[in-house]
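Have a look at the structure below, then the notes.
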Amino acid sequence: MKLLDPTSERRPSARVALPRPETLAGKRVAMLDISKPRGDVFLDRVAAHLQRLDIETERYQKPTFARVAPVELLQQIVSECDVVIEALAD
Amino acid sequence: MATENPQNKSVIPRDFSGFIAVVKQDCATCRLIEGVLAEMAGERDLLVYSQDDPQFPSSVADVRDERDLELSYRHDIEIVPALLRVERGREQERLVGWHRDDWRRLTAMPALGDGLPAFSPGCGSKSVAPGMPEKLAHKFGDSPLQARRIEVADQQDEHEFAFERGWSDGLPVVPPTEARVLRMLAGTARSPAEIVGVIPPDNAPCTVEKVAINAVMAGCKPEYLPVVLAAVEAACRDEFCMHGVLATTYFVAPIIIVNGPVSERIGMNASHNVLGQGNRANATIGRALQLVIRNVGGGRPGGVDRATLGQPGKLGFCFAERERDSYWESLAVERGFAPDESTVTLFAGGGVHPIGDQASRAPESLTRSLALSLRTVHHAKDYSGADALLVISPEHMRVFRLAGWSKARFRKELEAQTTIDGRAVIRGADDIAVGMPERLAEARLSKLRPGGLLIAHAGGGAGMYSAVITGWGNNGPRGSVPVTVPIRN
């Protein structure tokens, strides 16, 4: 018996996560707020810690957590920062 | 359904000139003209093709075995007996059934069929029996299908195979063979190659063919396919936000509400147990959409589907509005479509919350009663503007009909009954931490988002029940809004 493939027949390209940096010294850290309640509280606290360690941070925000991040935002983060810290849940 | 023209591959011998008769033993008219064929065989070049019995007609020598139906398929024989006049391999003229005068004219044999009745109708060709055209298209290699073929080994069970490939939602699927998919595609005039939409979460382009494959697996009949296609289209609309509906930790699934003449035509249930099991169209249309999201879009529980609890409707949740005896305009009419238009509306909804009110005989009382339940959707202390689907049963509808309340009047009264003082629902009120910000304590708060309440009439004739189906917390432009699309054939 021959069956027809019900899938998209595409093999998603496997992406390996970048290795974690040994140190944050000299790195710029993106603080991504996905617009979930109290995500800002978490990110403020983490950012304050990082700034005390002289690590530069930059704040970003998704318009709504219900939708995927706009491509422009992803590209902006990639071009401006080395590391991302994202506040996911409320 | 578009197929290649089978005539392109004639199987009539190229140098043949004369007559071709296609017959079957299981046809009274074919048996009637046995003698005619014998007469013709004596005087004309005649090839007789028999679809069921190569010994028939016994009056003719060298009958061609047409049990594989290739000539019938390639030359579009729909009725037997068929008599084709052929010159150098090309058909010039065709007769079907027995018309004595026509046969005499075409054969130039003025005494042909003496003693037979002047007319006898033919029978359906075996090549057009139900399901046969698809089998023949497959057999003779004229398939318009592009999907990859996957061989199931003889010793393998095809149902287990589908489970192992991850194609199933947990229940058995109908194996999507080429013949079944071709039959499914007969349910739409659209080309199998047409792109219906881009399916999240993988953003995979999805063709009519892929929808048909998944509709076969879900158990759909071909006549359901246009409804499934419309549902897929609606799910792909940006405003429905299918990616978010799938990815959320919340309970929601795309719920399909069907309006218009199509629902009765394809035998959907709008009556007893309308939100339950037992009707093939309701059960399989909803399931087909979910299988498309799973198989084409790649959306699976534990993968991008992060639902904490989910709900049984995620197997598929589809029903028809009971329009025939509804006192109110339908959901689709309210949303700008004509009553004779068929539509699907997609709503991102959770499970069914029952409301049993067997005492309210006044519309004011029933409205307050329904409002009580509506005020609890998402959370009883959430007043950030919820969406909900209210399914009103015939006996509850009767209360409004007897009082002469229009749908608009009901909506207005319901809005008043679902608007409360903020103080009751601020954080900490009733010693419950969750709630609205304290600054809203003095405000009047509406439970429902403007435009966020869908109302449909459905259910069996007895029972003073209605149902509330909670929408997604992330509703409106920041998340999902209900989408209605027309159903195209």
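Letters A, B, ... mirror the listed sequences (proteins, then strands); counts begin at 1. Note that this is a predicted model, so its numbers are computed, not measured.
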A/Leu3 vs B/Thr177, side-chain contact (heavy atoms from CB on, under 4.5 Å): CA-CA, chis, key distance, verdict: CA-CA 5 Å; A/Leu3 302 181; B/Thr177 59; 3.9 Å; yes
Any side-chain heavy-atom pair from [X] and [Y] closer than 4.5 angstrom?
X        : Y        : answer
A/Ser8   : B/Lys210 : no
B/Gln156 : A/Met1   : no
B/Pro205 : A/Arg10  : yes

Atom pair CG (A/Asp5) and CZ (B/Arg149), whose distance is rounded to the nearest 0.5 Å: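 It comes to 10.5 Å.
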B/Glu239 atom CD, over 12 foreign heavy atoms within 6.0 Å: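 Yes, enclosed.
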CD/B/Gln146: more than 12 non-hydrogen atoms of other groups inside 6.0 Å: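 No - once you tally the heavy atoms of other residues, nucleotides and ligands closer than 6.0 Å, there are 12 at most.
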Sidechain-backbone polar pair: A/Glu9 side chain, B/Ala147 backbone, donor-acceptor under 3.5 Å: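 Here the side-chain-to-backbone pair does not exist.
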Contacts of residues 289-298 of chain B with chain A (heavy atom under 4.5 Å):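 B/Asn295, B/Val296, listed by number.
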Candidate pair B/Asp238 and A/Arg67, rule salt bridge (charged side-chain N to carboxylate O under 4.0 Å, His left out), full reasoning: CA-CA 10 Å; B/Asp238 183 57; A/Arg67 291 169 177 268; 3.2 Å; yes
[options]: which one forms the most heavy-atom pairs within less than 4.5 Å of chain A?
options                                : answer
B/Val173, B/Asn474, B/Asp154, B/Val245 : B/Asn474
B/Cys241, B/Gly473, B/Gly244           : B/Cys241
B/Cys206, B/Gly479, B/Pro176, B/Pro175 : B/Pro176

Residue part contacting chain A, namely of B/Pro477, when any heavy atom lies under 4.5 Å: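 Contact with chain A: backbone only.
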